[in-house]
Chemist: 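Starting off with a structure, shown below.
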Number of protein chains: 2
Amino acid sequence: MANNTNTKYSTKEKILKYAIKEFLEYGFYGARMQRIADKAKINKAMLFYYYKNKKQIYKEALMSIFKTVVENLINISDEDVPIEDKIKEIIDIYADFASKNPDYLRLVQYEFSRGGKDFTKYNILKDVSKSQLFPLNPDTGKIFKYFNKKMKSGEIRNINLAHLIISIAGQVMASFFARPLFEAIGVYKPSDFDKFIKERKEFIVKLVLDGIRGGN
Amino acid sequence: MANNTNTKYSTKEKILKYAIKEFLEYGFYGARMQRIADKAKINKAMLFYYYKNKKQIYKEALMSIFKTVVENLINISDEDVPIEDKIKEIIDIYADFASKNPDYLRLVQYEFSRGGKDFTKYNILKDVSKSQLFPLNPDTGKIFKYFNKKMKSGEIRNINLAHLIISIAGQVMASFFARPLFEAIGVYKPSDFDKFIKERKEFIVKLVLDGIRGGN
DNA sequence: TTATGAATTAACCAATTGGTTAGTTAATAA
DNA sequence: TTATTAACTAACCAATTGGTTAATTCATAA
């Protein structure tokens, strides 16, 4: 092996790492193989030595990204904390991940804007949803279990939990997905983005909490 | 003029119409000038006769699309209806537009996924937000006026209205933006999408209504 | 009828693109 | 030492791309 085992990343790993950056920046069609090679400081031919073609690199990049996204979003605890804290926990998980990985999120959004063609083609989503840990899994998802208990005990009214999760996630994610809109029209000063997110979290907690406590 | 005035659209209009379709399908980099010409059944050179280059066609397509989006989203009435009806009205406007123009929405999403580079570059968003009719305009927006009145009368608690609008729109739009995810993981059967949206509307109305009525 | 400019076309082009290939270097095992 | 294979490189290539151009058709006005 001429593979340099001293360096942190193998050539194959480097390719994926910088391919992700390139795809994030330009999408599939706009991504350039030469630019990926340049970013990774390797010969372009290596891309085709380790991967069949551009599509395959994209596929592996997508899978890697989506795996990271899901791994982050399933970290919901089993603890039986008060409802307000549980809602905060869910919001925090989504918001924190979005804050820390804006580029990952953007590629997911890019894929969604294309109708999720490749997500479905590569079975990326299906594999993920089978996971016992997936929060939207109505049988095993921790969020479902928690709120089902709270509905039975009467602490919250009867609600459709899939809708609740979508509503919470939707409110949080909107802040990140439509960020260019908000900043362009001056909803907040770009430098105040973190402050805006903090405000938004508090707003969502209160809205949802009152919303699910309200009379049946 | 050799321009065929019998047909419904002029050549220039045809170009924009089919360019939009192409950009919606493939994004900027994936769009092909030849394919636009083929779709419009004109000679490729006509694209460069009426427009400077690809970028310019994209720019005009973006502006046209965004204009349509905004024109639809500002159609909020002035009527002083009950709060529940007003929330329903807002939700309906967003949901109806998204249902009727899934492709337009996808291009907006595509642009957002790119960080809204071109939206800001072409000043598309800024021009729009200046509009007196823009619902997010805190001084003149009809939604602001309506809810401010309701806050003063005590019918709802004091809330940040920008956040309220983002929350409502976010919950509605999530249903469309993340549609590939929901269908892949089986939140509903793809054929039941309309039913899902109907359910979602009802869910959001109730959540928001209880959420803004709740104690201060 | 004819002159004029706008609209349209087919053929073309330079540059870029994803992908290949023949040959070289480096590591390992016998 | 040497044979073998994996890792790597530079040069190359066919196909595609956005964009151009010179020539032609068409409509209109004088």
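Only heavy atoms go into these numbers, but all of them, side chains included; no hydrogens, no water, no symmetry mates. Every chain is numbered from 1, with letters handed out A, B, ... down the list of sequences.
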Chemist: In terms of side-chain geometry, is the basic nitrogen of B/D118 or B/K55 positioned less than 4.0 Å from the acidic oxygen of its partner?
Modeler: yes
Chemist: Test for a donor-acceptor pair under 3.5 Å between the base of D/dG19 and the side chain of B/K44, counting only N and O atoms.
Modeler: yes
Chemist: Measuring from A/M173:CE to A/Q109:CD, what's the distance to the nearest 0.5 Å?
Modeler: 10.0 Å
Chemist: Roughly how many Å is it from NZ in B/K55 to P in D/dT17, rounded to a whole number?
Modeler: 18 Å
Chemist: Specify the separation, in whole Å, of atom CD1 of A/I57 and atom C1' of C/dG18.
Modeler: 10 Å
Chemist: What's the OH-P distance between B/Y51 and D/dT20, to the nearest Å?
Modeler: 16 Å
Chemist: Under 4.0 Å from OP1 or OP2 of D/dC8: is there any side-chain N or O of A/Y50 that close?
Modeler: yes
Chemist: Is there a side-chain contact between A/R200 and A/I91, using heavy atoms and a 4.5 Å cut-off?
Modeler: no
Chemist: Quick one: B/M46 CE to C/dA11 P, roughly how many Å, whole number?
Modeler: 17 Å
Chemist: Here's a test for you: under side-chain contact (heavy atoms from CB on, under 4.5 Å), which of A/F48, A/F23, A/F28 qualifies with A/I57?
Modeler: A/F23
Chemist: Go through the structure and list residues passing side-chain contact (heavy atoms from CB on, under 4.5 Å) with A/E183, not counting sequence neighbours.
Modeler: A/R179, A/Y188, A/P190, A/F193
Chemist: Identify, residue by residue, the members of residues 23-38 of chain B with a heavy atom below 4.0 Å from DNA chain C, and return them in order of residue number, or none.
Modeler: none
Chemist: Is A/K12 positioned over the aromatic face of A/Y51, cation under 6.0 angstrom from the ring centre and no more than 45 degrees off axis?
Modeler: yes
Chemist: Check whether any side-chain nitrogen or oxygen of A/T11 sits under 4.0 Å from OP1 or OP2 of D/dC8, and answer yes or no.
Modeler: yes
Chemist: What is the distance, rounded to the nearest whole Å, between atom CG of A/L47 and atom P of D/dC8?
Modeler: 12 Å
Chemist: How long is the line joining CZ of B/F48 and P of D/dG18, in whole Å?
Modeler: 7 Å
Chemist: Calculate the interatomic distance between A/N43 atom CG and C/dG19 atom C1'; express it in whole Å.
Modeler: 12 Å
Chemist: Could you check how far OH of B/Y49 sits from P of C/dA7, rounded to whole Å?
Modeler: 4 Å
Chemist: Counting only heavy atoms not in B/K39 (residues, nucleotides, ligands), do more than 12 fall under 6.0 Å from its NZ?
Modeler: yes
